[in-house]
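Protein chains get the first letters and strands the later ones, always in sequence-line order, with residue 1 at the start of each.
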Amino acid sequence: MKQNTTPARVRFAPSPTGRTHLGSGRTALYDYLIARQTGGQFILRIEDTDQKRYVPGAEQELMDSLRWLGLEWDEGPDVGGPFAPYRQSERKHIYQQYAQQLVNEGFAYYCFCSPERLAHVRQEQQKRKEPPRYDGLCRNIGSEEARRRVNDGEAHVIRFKMPHTGSITGVDLLRGPITVENKNLDDYIIVKSDGLALYHLAAMVDDHLMQITHVLRGSEWLPTFPLHVHIYRALGWQEPIWVHLSVFLKPSGKGKMSKRDTELLKQDGFSIFLSDLKGLGYLPEAVNNWIALMGWSYDDHTEFFTLEDLIEKFSLERLNPAPAAINFSKLDHFNGLHIRNLPPDNLAQRILPFFLSAGLEPDFERLKKITPLIQERITTLDEAPEIAGFFFREELSLDPAELVGKNMTPAESAQALKAAEQILEALPELSPTSAEEPLRNLAERLNLKAGQLFGILRIAVTGQRVSPPLFESMEIIGKDMVMKRIKQALEALDVPA
RNA sequence: GCCCCCAUCGUCUAGGGGACCAGGACGUAGCCCUUUCAAGGCUAAGACCGGGGUUCGAAUCCCCGUGGGGGCACCA
């Protein structure tokens, strides 16, 4: 907040090749935070230069997920902006001119090698235990010959002409200077034979043209980071601030998430996909809080953050470069915290869909009365119909065995229930203040613990061993229905009076 | 095989030479509160990967191991 007063332009640049997961969510969140914190812009750019991997619907899912998290972008494919278009497939022509510039100035060259030859070369290198790299066959073809062959229509790609000597140093904000010997780098392809630029070129060009000030990306880009610095320098551009975020490891901490791990997780009611989390009953507030803290910390004790808090308090300097294992029990914890932080009426609105999908049709006014009773009893929204469904069901399925009080016989239980029925029946109105005291007195008279009597009543009225507070529940259910359920319970107990 | 990154409780982390017999959180166990379940409160167990340096002094700085992660595509 203090030092970062210059507005940052930050972009989240996913490729629409699959479902959006936690790692992407965190990168987007950090992007958003920096932009908002500095009064800059958060930009969404779709990196779809590889049409072979394009997944229909992925882009929509991505945008829905980001909006669900509350990360609204200022510029993007759907909202436009001063640097449109924001989809790389619509920017093909732009990259060509920079590739051409690199070739003309000797930083890149045409390569006519076939994929087959490349595969063969690689194979040989593997055999000799050499690092697999381009052998440089086309590197020294004269510019005139190359130009002629290109004009003749010969298939070709464009490669970056990596220097054979020297080294290059790029600066990562979290790790400091990273120096690599050029000889350990490859002559990377930057334009494919179909004329389309690869990430290495396209992303650099777009970041520069879109005046991006901070590049946040996964640490899987660290190995090609030196290439990107080379490209920036060859083009004579000023580099952005580079920040490579750590990866997320599977919950065990051993390795990154695999397809198999993802399946396993689903069986436990978890998911790494943003679009699943909503249906699982997680709050976007909790997800943001949770992922923000995976690789970032504010101090040694503050852990609860709203999006607004994060905008104010986030700082790149406090990012941790070490990989972090995903911990879903912590997500549950944050979800509970944020549920309790919600105004009850707001919570009521959020749990409504879960009642609907459970086949119940709650009256919203009534639901609003119930919400405070379950607010501190649920950790995910989908638990709401489980714990409070009885409020909206006409009939309960009662198990007579459950109706028997602790350390009591069925006859004793029936007798206690009968007595309670009479007391409640006599009440002009049913409320916690009117019902609790006489029932406690009853328990005492019958030589029962309050818990024994209340337990029987709880089962009779809610059908559940575990429920929201008994008297508050009875008040909302209403006297008529309460009396009806007690009668049904007495019938179920089926003990001759 | 080669290159790069990382390394504090099971997990997420605080710590940037003395304030540390290392603090917080999740989870776990116990207790309190209590009409159930929660929530809340209290307590407990639990870590500086190893070895060398530097220094009066190292979790903190350097080196070497080891371990973990990532990358080596006409994918991003």
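Residue contacts shown for A:Glu47 are limited to sugar-phosphate atoms, with no base heavy atom under 4.0 Å away. Note on A:Ser297: only backbone sugar-phosphate atoms sit closer than 4.0 angstrom, heavy atoms only; bases stay farther off. Looking at heavy-atom distances under 4.0 Å, A:Ile378 makes no contact with the nucleic acid at all. Using a 4.0 Å heavy-atom distance criterion, A:Gly295 is classed as a sugar-phosphate-only contact. Among the protein residues, A:Gly218 comes within range of no part of the nucleic acid, since none of its heavy atoms lies under 4.0 Å from any strand. Within the nucleic acid shown, A:Arg175 comes within 4.0 Å of sugar-phosphate atoms alone, with no base atom in reach, counting heavy atoms only. Residue A:Arg318 is classed as a sugar-phosphate contact, given heavy-atom separations below 4.0 Å to backbone atoms only. Heavy atoms of A:Trp221 sit under 4.0 angstrom from at least one base atom.
When rounded to the nearest whole Å, the span between CG of A:Asp206 and C1' of B:A76 equals 14 Å. Atom pair A:Phe160:CZ and B:A73:P shows a separation of 18 Å (rounding to whole Å applied). The separation between A:Asp135 atom CG and B:C2 atom P is 21 Å, rounded to whole Å. Counting to the nearest Å, the P atom of B:A7 and the NZ atom of A:Lys254 are 16 Å from each other. Distance A:Leu222 CG to B:C3 P: 15 Å, rounded to the nearest Å.
Checking each of A:Tyr30, A:Trp290, A:Phe305 against A:Trp296 for a ring pair (Phe, Tyr, Trp, His ring centres under 6.0 Å) leaves exactly one that passes, namely A:Phe305.
Residues from residues 176-192 of chain A lying near RNA chain B, meaning a heavy-atom separation below 4.0 Å, are A:Ile178, A:Val180, A:Asn184, A:Ile189, A:Lys192 in numerical order. For RNA chain B, the neighbouring residues in residues 243-252 of chain A, judged by any heavy atom under 4.0 Å, are A:Val247.
Projected onto RNA chain B by closest heavy-atom contact, A:Arg122 and A:Ala325 fall at different nucleotides, the more 5' of which corresponds to A:Ala325.
For residues 169-189 of chain A, the ring-ring contact (aromatic ring centres under 6.0 Å, His included) pairs, not counting sequence neighbours, are A:Tyr188-A:His200. Each salt bridge (charged side-chain N to carboxylate O under 4.0 Å, His left out) pair with one or both residues in residues 431-444 of chain A, not counting sequence neighbours, appears once here: A:Glu436-A:Arg440. Residue pairs satisfying the salt bridge (charged side-chain N to carboxylate O under 4.0 Å, His left out) criterion with at least one member in residues 184-195 of chain A, sequence neighbours excluded, are listed as follows: A:Arg139-A:Asp187.
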Would you tabulate the pairs of protein nitrogen or oxygen atoms and nucleotide nitrogen or oxygen atoms of nucleotides 27-30 of chain B closer than 3.5 angstrom?
none

At a cut-off of 3.5 Å, list every protein nitrogen or oxygen paired with a nitrogen or oxygen from nucleotides 61-66 of chain B, distance to 0.1 Å.
none

Strictly under 3.5 Å: I want the nitrogen or oxygen pairs between protein and nucleotides 33-36 of chain B, one per line.
from, atom 1, to, atom 2, distance (Å)
B:U35, OP1, A:Arg440, NH2, 2.3
B:U35, O2', A:Arg458, NH2, 3.4
B:U35, O2, A:Arg458, NH2, 2.1
B:U36, O2', A:Arg465, O, 3.3
B:U36, N1, A:Arg458, NH2, 3.4
B:U36, O2, A:Ser467, N, 2.8
B:U36, O2, A:Ser467, O, 3.0
B:U36, N3, A:Arg458, NH1, 3.3
B:U36, N3, A:Ser467, O, 2.6
B:U36, O4, A:Pro469, N, 3.4

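Applying the side-chain hydrogen bond (donor to acceptor under 3.5 Å, both in side chains) criterion to A:Arg128, with sequence neighbours excluded, gives A:Glu130. Take A:Ala489 and apply the side chain to side chain contact (heavy atoms under 4.5 Å, CB included) test, not counting sequence neighbours, and it matches A:Leu398, A:Leu403, A:Leu417, A:Ala460. Every residue meeting the side-chain hydrogen bond (donor to acceptor under 3.5 Å, both in side chains) condition with A:Asp382, not counting sequence neighbours, appears here in chain and number order: A:Thr380. The side-chain hydrogen bond (donor to acceptor under 3.5 Å, both in side chains) check on A:Arg233 picks up A:Glu239, with sequence neighbours excluded.
Taking side-chain N and O atoms only, A:Thr49 has a distance below 4.0 Å to OP1 or OP2 of B:A76.
Of the listed nucleotides (B:U13, B:C75, B:C6), B:C75 has the atom at the smallest distance from the side chain of A:Lys52. Candidate nucleotides B:G1, B:C5, B:A14 were compared by shortest atom distance to the side chain of A:Lys129, and B:G1 ranks first. Of the listed nucleotides (B:C72, B:A76, B:G71), B:G71 has the atom at the smallest distance from the side chain of A:Pro223.
There is a side-chain donor-acceptor pair under 3.5 Å between A:Gln88 and A:Asp206.
Within the shown strands, B:A7 is the pairing partner of B:U66 under the Watson-Crick or G-U definition, both distances less than 3.5 Å.
In this structure, A:Met408 and A:Ala416 approach most closely via the heavy-atom pair CE-CB, 4.4 Å. Across every non-hydrogen atom of A:Leu201 and A:Ile190, the tightest pair is CB-O, 3.7 Å. In this structure, A:Thr49 and A:Ala202 approach most closely via the heavy-atom pair CG2-CB, 4.3 Å. For the pair A:Ala146 and A:Tyr110, the tightest heavy-atom approach, listed with the atom from each and the gap, is CB-CD1, 4.0 Å.
A heavy-atom distance below 4.5 Å is not found between the side chains of A:His120 and A:Ser114.
Taking the centre of each ring, A:His230 and A:Phe107 stay at or above the 6.0 Å mark.
For A:Arg159 and A:Tyr134, the positive end sits near the middle of the six-membered ring, less than 6.0 Å away and at most 45° from its axis. Geometric assessment of A:Lys313 against the ring of A:Tyr298 yields a positive cation-pi assignment under the 6.0 Å and 45° thresholds.
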